[in-house]
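Here the structure comes first, spelled out in structure tokens, and everything after it is commentary.
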There are 2 protein chains.
Amino acid sequence: MKNDVNLTVQALQRMPYYLQHLRKVDENGVQIISATAMANVLDLNEVLVRKDLSMICTSKGKPKSGFPVKELIDNIEDYLGYNNTMDAVLVGVGSLGKALLGNNEFSKFGLNIVAAFDIDEDIVGQVVCGKKVFPLEKLQNLCERMHIHIGILTVPAEFAQEAADRLVGSGVRAIWNFALIKLNAPDHVLVQNENLAASLAVLSQHLRNEMTEESKGVDLNEHTAL
Amino acid sequence: MKNDVNLTVQALQRMPYYLQHLRKVDENGVQIISATAMANVLDLNEVLVRKDLSMICTSKGKPKSGFPVKELIDNIEDYLGYNNTMDAVLVGVGSLGKALLGNNEFSKFGLNIVAAFDIDEDIVGQVVCGKKVFPLEKLQNLCERMHIHIGILTVPAEFAQEAADRLVGSGVRAIWNFALIKLNAPDHVLVQNENLAASLAVLSQHLRNEMTEESKGVDLNEHTAL
DNA sequence: TAGATTGTTAATCGATTAACAATC
DNA sequence: TAGATTGTTAATCGATTAACAATC
């Protein structure tokens with residue numbers, strides 16, 4: 001376990017990709033893998049991969065061979081916290097909130113949503129995907145009692161700041177924010193913004209470029225060449 | 001409409017936040033807003049905001065006053081493609097796939113999921129959140145017939161490349177990839193990776209830091225100061 | 001040994017920020 | 001006019017990449 005180092009956000013975001021590939025080669029019985037090989041598969045610079053791996057690997061990479069696969073898998077899983085579950089609460093049981101409640105794949109990543117909260121009386125009391133929906137007033141009590149440190153925010157933007165304040169007041173240390181708004185929170189509370197609209201914007205810009213290029217009559221074969 | 005310019009991915013990702021704030025001040029009757037004011041609210045550098053706004057705004061910012069709010073809103077919505085809907089198909093109706101199918105907020109961002117596909121015979125034929133699930137074999141036919149250019153990939157990592165190949169073969173130009181794997185696709189096909197695991201990793205690292213700091217007996221008041 | 005691969009130090013690159021003249 | 005705000009050019013900063021010596 002080497003979790004005293006802090007990775008840059010960028011490095012952190014590459015870790016799940018390393019992990020996926022390592023698990024795959026591990027299944028095929030590969031015991032040692034070089035940063036060079038990983039870099040080629042994942043289309044990354046090999047020095048970058050080498051540095052990333054050396055940051056989290058408990059043993060040193062061996063020249064001519066590489067890094068031990070099983071150890072890397074363990075190290076990354078440990079580093080990403082997949083082995084000690086983080087309990088979380090979800091605030092805002094709209095369509096996105098329901099979506100996340102129903103996504104049982106989060107447990108693979110060490111996340112466990114224990115309860116949901118909403119202000120809508122029609123929703124409160126319901127059980128959505130096995131999780132009970134409580135009125136927002138009960139948030140603080142439950143968080144304190146269960147020592148919850150993560151809040152997932154899936155309320156409309158106009159209510160997001162208020163809900164965030166409540167989460168902070170309930171002792172939450174990290175907010176996974178799906179609302180498209182910049183939240184104000186004290187320094188010790190991390191706000192991780194999940195910006196699905198931004199992703200769609202990237203797609204949209206690309207499609208527009210593709211379409212205008214096409215309408216300009218640019219030779220489409222230039223794409224398929226090579 | 002000023003959509004011949006291309007924004008950097010970073011600028012594109014700031015746009016939804018600008019839009020949210022602009023809509024809010026517009027509701028309050030504000031007609032002109034300065035980049036300086038926006039920057040303060042959103043905690044961004046004012047030159048950055050000014051540059052971003054000038055990139056997409058059809059009129060120039062006026063010294064001493066700023067940019068016209070309504071025009072900015074229109075320009076950003078146009079630029080992000082919110083006004084001309086992009087049709088998309090979804091491949092992989094697991095828990096995450098179902099989640100996205102059920103998220104009726106995508107329409108606000110110009111995305112319309114017209115159909116879903118899966119290989120699982122138990123799922124094929126079902127109607128999930130008003131969308132019919134077809135067998136994967138029908139993907140190409142439907143995409144070509146309906147001129148679909150966006151594919152949403154929510155299959156497990158091990159099937160993602162195969163599914164991506166099918167999407168590409170069906171004429172898709174952009175893939176919104178929720179699988180944790182680096183996809184190989186031709187140059188003209190954009191792969192936008194949505195890495196929820198990476199976000200969780202950022203949360204996890206922060207919580208670990210918080211916890212170790214606490215156990216070290218660091219004065220917690222340093223957080224609340226200021 | 002020879003050569004592939006590691007780890008480190010220096011160079012590059014691009015986004016952000018700072019400085020400042022132009023303008024309403 | 002005076003001063004706030006814009007737009008532009010130059011400096012900074014940090015991540016990525018390149019170069020190269022060390023090592024198995």
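The chains referred to below are lettered A, B, ... by the order of the sequence lines, with proteins before strands, and numbering in each begins at 1. Values in this document were obtained by computation on a predicted structure and should not be read as measured data.
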Can you identify which nucleotide, out of C/dT23, D/dG7, C/dA4, has its nearest atom closest to the B/Lys60 side chain? D/dG7
Using the ring of B/Tyr79 (Phe, Tyr or Trp, six-membered ring only), decide whether A/Arg208 places NZ or CZ under 6.0 Å from its centre and within 45 degrees of its axis. yes
Do the side-chain N or O atoms of A/Arg14 get closer than 4.0 angstrom to the phosphate oxygens (OP1, OP2) of D/dT16? yes
So what's C/dG3 paired with, Watson-Crick or G-U wobble, going by both distances under 3.5 Å? D/dC24
Expected output: side-chain A/Thr36 to main-chain A/Glu46 donor-acceptor under 3.5 Å: no
Whole angstrom is fine here: how far is it from CG in A/Leu48 over to P in C/dA11? 20 Å
Looking only at side-chain atoms of A/Lys51, point me to the closest of D/dT16, D/dT23, D/dA4. D/dT16
Tell me the interatomic distance from B/Asn45, atom CG, to D/dA10, atom P, rounded to whole angstroms. 18 Å
Is the shortest side-chain N/O distance from B/Arg50 to OP1 or OP2 of D/dT6 below 4.0 Å? yes
How do B/Asp52 and A/Ile33 order along DNA chain C: which one's closest nucleotide is nearer the 5' end? A/Ile33
A/Met55 CE to D/dA15 C1': how many Å, rounded? 13 Å
Closest to the A/Lys64 side chain, choosing from C/dA4, C/dT6, D/dT16: C/dA4
So which nucleotide from D/dT17, C/dC24, C/dT5 ends up closest to the side chain of A/Pro63? C/dT5
Can you check the A/Leu44 CG to D/dT17 P distance for me, whole Å? 8 Å
Pairing partner of D/dA15 (Watson-Crick or G-U wobble, both distances under 3.5 Å): C/dT12
Under 3.5 Å, is there a donor-acceptor pair linking the side chains of B/Gln161 and B/Asp165? yes
Could you give the CG-to-C1' distance, from A/Leu7 to D/dA15, as a whole number of Å? 14 Å
Rounded to the Å, how far apart are B/Phe67 CZ and D/dT5 P? 12 Å
The side chain of A/Val47 lies closest to which of these nucleotides: C/dT8, C/dT6, D/dT6? C/dT8
Just to confirm, is there a sub-4.0 Å distance from OP1 or OP2 of D/dT6 to any side-chain nitrogen or oxygen of B/Thr36? yes
Using the closest heavy atom to pick a nucleotide of DNA chain D for each, name whichever of B/Gly66 or A/Gln10 lands nearer the 5' end. B/Gly66
B/Gln13 CD to C/dA15 C1': how many Å, rounded? 13 Å
Give B/Lys62 one of three labels, base, sugar-phosphate or nothing, depending on what nucleic acid heavy atoms sit under 4.0 Å from its own. sugar-phosphate
Touch check for B/Ala11, heavy atoms < 4.0 angstrom, all strands: base, sugar-phosphate only, or nothing? nothing
Under 3.5 Å, is there a donor-acceptor pair between the B/Ser95 and A/Asn104 side chains? yes
Between P of C/dT6 and CG of A/Leu53, the distance in whole Å: 8 Å
Output yes when B/Arg23 and B/Glu77 qualify as a salt bridge under the 4.0 Å nitrogen-oxygen rule, no when they do not. yes
Does any N or O in the side chain of A/Asn45 come within less than 3.5 Å of the main-chain N or O of A/Val47, such that one atom is a donor and the other an acceptor? yes
